[in-house]
Amino acid sequence: MAARETTLIILGAGGDLTKRLLVPGLAGALGRAPELSVELIGAGHGDHDDAAWQQLVREALEVGLDELTGDVRAAAQRAIDATVASARWASVDATDREALAELVGSAAHPAILYFALPPSVTIDAIAALEPGDLPEGTRLALEKPFGFDAESAARLNGLLAGLVPDECVFRVDHFLGKSTVVNLLGLRFANRLFEAVWNREHVARVDIVYDETLALEGRAGYYDGAGALVDMVQSHLLLVAGIVAMEAPAAIEPADLHGSLVQALRAMRVRGDDAAASSRRARYTEGELDGTTVPAYETEDGVDPSRETETLAELVLTVENTRWAGVPFTLRSGKAVGRPAKDAILTLKPVAHRPSGFTGAGEAPRITVSLTPEHLAVELDLNGPGDPLDLDRVVVETAFGAGELTAYGEVLDGVLDGDPLLSVPAEAAELCWQLIDPVLAAWREGSVPLEEYPAGSAGPEAWRSPLAPPHGA
Ligand SMILES: O=P(O)(O)OC[C@H]1O[C@@H](O)[C@H](O)[C@@H](O)[C@@H]1O
């Protein structure tokens, strides 16, 4: 195996993401690629120095190690000392062109610049750079959210295109690194049983839900400016919806997969083109979760109550093509929800004719692909104990194999390897914002009330019933 060397520069390395997810994920990527050695530069403001950064790197790599098993874990273990020894800190303002160019120039190997920064700072940093500032082969990785609306996402794509070739740009969405999300491809396209019913003839509705028990967790600085719609629906769930909706690619190769994903996103619309009638928003009030009192969102440190940030968001889309016309796709995500559910659910239509004489069961059956943990459940109406004509609802379930790496590990592995398969295509990043912008505008205008739910509940009572379609949709 030929040795490979690269420099990973994390901009914004003093932030929570680096310690909690990026460096632990790096342990997995190092374990997967034992031939790779990484010079790890942390860059940012703050009072770090080489020693503090090295300590952070060691601790975070060890956290990452705990999530690995087998050969990958053994290889990651072997890589830790060398990675820590190479780690250095650079106090740099990412928007200072000369300082950034100098930092990239000081890298021992071809560099990857990872922007773990708020979107507006990332845009300023990219805008400050000139093409000649980055040596050939430099890769740019950008954390979500990619821009802050469709216009800024398009501008950012334009700026990036002027700096490096598109195959050197990695738009990171760790959901594309989740083994369960990747598994949707295998489930759909390698199984006739599922692909045959995966369309409007058989599917009544699609729900993509990511309700978490996690509350704000001290992230007001970021979250209060984002809210559930941007943080989760825009950044992650739309891409999951794209994978659920897309046509089969010819190959699991970047160009084919990205083409299918983009085509599906292009076909999506807010239902009835009515953002106010096709969305809901809510915010948690004080409540109990797992025996602990969760304070009301608006009283959390760093929250500006006048912003009306939602902690639960729901959006109904349609996919305007032959496969999906008329099927509602409901995307929903919330924080501090007592009944966590992280699933893609296809609710099937009833059979065209159930012969009279059968009793029992008969409600709409579902195919549930859990995004966390790895799990598939298919509901069937079968002969229960006793009378064979009295049907019981039976759930056929199986676990999927767990991913070898964490979602961040998978995504970083792609970035380090120069493989864009699991990175977000440029057009997809813009399309996701094009769907969300009208919803944000309707919410800003006050066309959609901000509802409330106690932390620890399942959400507002009224949300148990699906949103009625707008007139004419
Ligand atoms: O369940 P995971 O993989 O941690 O992903 C969910 C998280 O995804 C992040 O991108 C969001 O910013 C968080 O708010 C959210 O909790």
Side-chain angles (χ1 to χ4, degrees), residues 12 15-25 28 60 63-64 66-67 114-119 122 141-148 170-184 208-241 243 281-284 289 294 297 300 302-303 309-313 331-344 369-375 400 402-413 422-424 429 432-433 436 455:
D16 182 55
L17 180 82
T18 302
K19 185 165 63 179
R20 220 165 35 86
L21 294 165
L22 281 183
V23 181
V63 167
D66 286 344
E67 290 164 322
Y114 196 111
F115 294 81
L117 295 166
T122 298
L142 289 85
E143 256 305 320
K144 62 102 204 180
F146 186 82
F148 42 85
F170 293 79
R171 296 168 197 80
V172 170
D173 167 16
H174 78 281
F175 270 51
L176 295 185
K178 281 185 188 285
S179 60
T180 43
V181 173
V182 177
N183 177 68
L184 273 165
I208 298 173
V209 184
Y210 212 85
D211 284 345
E212 306 176 275
T213 50
L214 286 182
L216 189 57
E217 313 288 319
R219 295 169 73 215
Y222 153 72
Y223 192 87
D224 201 42
L229 187 70
V230 168
D231 180 51
M232 289 300 298
V233 178
Q234 190 284 139
S235 291
H236 302 307
L237 300 193
L238 277 168
L239 293 164
V240 177
I243 291 178
R281 56 180 179 143
R283 175 155 78 181
Y284 66 81
L289 235 173
V294 178
Y297 176 82
E300 293 262 30
V303 166
T309 301
E310 81 289 352
T311 57
L312 179 66
L331 277 50
R332 161 188 159 136
S333 182
K335 296 273 188 207
V337 178
R339 253 194 340 210
K342 302 175 177 178
D343 303 315
V369 181
S370 292
L371 304 174
T372 313
E374 300 84 359
H375 188 250
F400 311 135
E404 186 177 49
L405 307 188
T406 61
Y408 262 98
E410 281 298 344
V411 166
L412 274 172
D413 180 51
L422 299 180
S423 109
V424 179
C432 290
W433 279 115
I436 293 296

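None of the values given here were measured: they were computed from a predicted structure. Atoms within a ligand are numbered from 1 in the order they appear, just like the ligands themselves.
Here is the list of ligand 1 atoms found below 4.0 Å of a heavy atom in Lys144: 9 (C), 10 (O), 11 (C), 12 (O). The distance from ligand 1 to the heavy atoms of Lys335 drops below 4.0 Å at these ligand atoms: 13 (C), 14 (O), 15 (C), 16 (O). For ligand 1, the atoms lying closer than 4.0 Å to a non-hydrogen atom of Lys178 are 1 (O), 2 (P), 3 (O). Of all atoms in ligand 1, listed by their number and element, those nearer than 4.0 Å to a heavy atom of Phe175 are 5 (O). Atoms of ligand 1 lying under 4.0 Å from any heavy atom of His236, numbered from 1 in the order shown and given with element: 8 (O), 9 (C), 10 (O).
Contact check for Leu216 versus Thr311: no side-chain heavy atoms found under the 4.5 Å cut-off.
A heavy-atom separation below 4.0 Å is found between Asp231 and ligand 1. The closest approach between a heavy atom of Tyr223 and any atom of ligand 1 is not below 4.0 Å.
Between Thr372 and ligand 1, no N or O atom pair is found at a separation short of 3.5 Å.
When the side chain to side chain donor-acceptor pair (under 3.5 Å) test is applied to Asp343, the partners found at least two apart in sequence or on another chain are Ser370. Under the rule for a salt bridge (charged side-chain N to carboxylate O under 4.0 Å, His left out), the partners of Glu410 that lie at least two apart in sequence or sit in another chain are Arg32.
The protein heavy-atom contact nearest to atom 5 (O) of ligand 1 is His174 NE2, 3.2 Å.
Remark: Arg339 does not engage Asp211 in a salt bridge, criterion side-chain N to carboxylate O under 4.0 Å.
His236 and Phe175 have parallel rings, their planes meeting at less than 30° on a 0 to 90° scale where 60° marks the start of perpendicular.
For the pairing with Ile243, the side chain to side chain contact (heavy atoms under 4.5 Å, CB included) check across Val182, Asn183, Val181 returns one residue only, Val181.
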